[in-house]
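Naming: A, B, ... by sequence-line order, numbering from 1 per chain.
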Amino acid sequence: MRIIRVGWQRGLIELRQSFTNGPELVSHFLWPLLTLVALFFLRNRDFGSAVLPSILGMNAAMGMVSMSQQLTADREDGTLLRAKATPNGMVGYLVGKVVSVSGSLLADLVIVLIPGLIIVGGVTIDAAGWLTLIWVLLLGLVATLPIGAVLGSVFTSARAQGLIQLPMLGFIAISGIFYPLTALPAWLEWIGQLTPIYWMGLGMRSALLPDEAAAVEVGQSWRHLETAGVLGLWAVAGLLLAPVVLRRMARRESGSVVADRRDKSLRRAVR
Amino acid sequence: MVLTVDGLRMQYGEVEVLHEVSFDARAGEVLTLLGPNGAGKSTTIEILEGFRLRSAGQVEVLGLDPADADETWRARVGIVLQSWRDHGNWRVGELLGHLGSYYTPYKQPWPTGELLAAVGLTESAGKKVRMLSGGQRRRLDVAIGIVGRPELLFLDEPTTGFDPEARREFHELVGRLAREYGTTILLTTHDLDEASRLADRILILTAGRIVAAGTPAQLTAAIAGEDEVRWSVDGQSFRKKTTDSTEFVRGLFSQYGAELRELEVRRASLEDTYLALVAS
């Protein structure tokens, strides 16, 4: 249990760094700022009030991508090997990563949510809404972060990480964030409902929008049971898969592997 | 013995990179694996670190097989690699303190301030790791390697890319670790000068075999290198290679007496020995 505390401290240090470091600070505020600008222009449209909660859900689901990217970066620069060379270092590393990525997501959520509530009318949170927001968020993180870790272990280079972004954008497009899923052809509607992104968006809408808004959703319902079911399945799959894949990846790390990777990336940079 | 390697073999597919390598290290000894690039030094050290699985042979490090060693074993071993660029956003002192905290269940880690002073980084404690110069970064890597007070320290090509001054400071640090703290050190290098400066014992590894082992003096003596004698008589220069230069020079004096000029004897050096071994 001591190692959990060490990992927790590690996560807090990384989180603090991400708010005191120029480039990362920009990404913390630029994206939310653009989101808020978009929200401002959408505020009087039909689906406008649904966009804020949907975006919150999407941002939270994107923790998957940052987990995956950070894992790849940490493998390239030797952070993972360092963890492997330290007693219980891998556990500490992973706990730290989960804490820093989740913490960073929560911070971004607040950065969008508070001004968003002021800009967009028709969004209210009552006690039950807060409760929904919290469980959807927590379950969503448990569903997406292990999957992110798996993606980060399987796709080894920064380049491959760039490629992951493409299908991810596709999933966002069909996840009911920017227009109701019911407006899509049936087969796309089905694919959309396989992703955790859709369910996290739906959960957020159910927390923040009045009940009448459920009319445009699939089955005219917030489908809390299904939300918990699908996110739960992703969580179980991720938690089963992640330790196996991570262990396999970590076993392959050694000094010469990291050195080779560095030489390769240097050669690419020179060309 | 802190470390015993017996009949170690490593194969990648059809290619055999280590053939029956055997050696051992006593507690507090500084052992150097010397050899050209591609000789199998890194493979050997990675097997001992528990980062790579061997094909055959017996390996025991601190009483355990590194292939199935646990976290307690991990806490007794320090590792310094050449290609670390990790934790660039962390501050130097903060990183040392954090990594030290992993060791507290096993032993008292080095206090950050003391450790920074030992590696000469006190001034840089508040700096971000990526702002350090190459030499400072390497010293930080060594500090991280020893933060848990390891009984055995692995150093893989520790001074690659150092300027002469940084190299000398680094050598002093390694010497101090062995003398004052009794740390057993295994280091790899392709730099002969470094090996002879640091090592209690040198193992020369070429093409996956240990071709010679011993103290720097033993190695030079054991492999009878030929001294070179140069002289001139009547303005004409001569040179001759011989295993017994003293006797040869005595002969020169009795033959030429006062006519002998510009006499020069170059003793077989460790470098000649090494080059002869690696070439064959």
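- Of all the listed residues (A:Pro87, A:Gly92, A:Gly255), the one sharing the greatest number of non-hydrogen pairs under 4.5 Å with chain B is A:Pro87.
- Of the two parts of B:Trp73, neither the backbone nor the side chain holds a non-hydrogen atom closer than 4.5 Å to a non-hydrogen atom of chain A.
- Here the side chains of A:Thr79 and B:His87 are in contact, with some heavy-atom distance below 4.5 Å.
- Side chains of A:Asp77 and B:Trp84 form no contact here, defined as non-hydrogen atoms less than 4.5 Å apart.
- Rounding to the nearest 0.5 Å gives a distance of 11.5 Å between OG of A:Ser254 and CD1 of B:Ile45.
- The part of A:Arg2 that comes within reach of chain B is its side chain, from C-beta onward, which places non-hydrogen atoms under 4.5 angstrom from that chain.
- A donor and an acceptor atom, one from each side chain of A:Arg10 and B:His98, are located under 3.5 Å apart.
- Heavy atoms of A:Ile13 lying under 4.5 Å from chain B belong exclusively to its side chain.
- Residues A:Asn88 and B:Tyr106 form a side-chain contact, since some pair of their non-hydrogen atoms from C-beta on lies under 4.5 Å apart.
- Inspection of the A:Gln9 and B:Ser101 side chains reveals no N or O donor paired with an N or O acceptor under 3.5 Å.
- Interface summary for chain B: among A:Gln17, A:Arg252, A:Arg251, A:Arg82, the most heavy-atom pairs under 4.5 angstrom belong to A:Arg82.
- A salt bridge is defined here as a Lys NZ or Arg NE, NH1 or NH2 lying under 4.0 Å from an Asp or Glu carboxylate O, and A:Arg16 with B:Glu94 meets this definition.
- Counting heavy atoms of neighbouring residues, nucleotides and ligands inside a 6.0 Å radius, atom CZ of A:Phe40 does not exceed 12 of them.
- Heavy atoms closer than 4.5 Å to chain A are found in both the backbone and the side chain of B:Asn89.
- Side-chain atoms of B:Glu46 come within 3.5 Å of backbone atoms of A:Ser256 as a donor-acceptor pair (strictly under, hydrogens ignored).
- For the atom pair CG (A:Leu81) and CZ (B:Phe51), the distance works out to 5.0 Å, reported to the nearest 0.5 Å.
- With respect to B:Asp86 and A:Arg75, no salt bridge is recorded, no charged nitrogen being found less than 4.0 Å from a carboxylate O.
- Highest contact tally toward chain B, considering only A:Lys84, A:Glu76, A:Glu253, is held by A:Lys84 [criterion: heavy-atom pairs under 4.5 Å].
- Annotation: B:Arg130, atom CZ; neighbour count of heavy atoms from other residues, nucleotides and ligands within 6.0 Å is above 12.
- Chain A forms more heavy-atom pairs under 4.5 Å with one residue of B:Val77, B:Leu99, B:Ile144 than with any other, namely B:Ile144.
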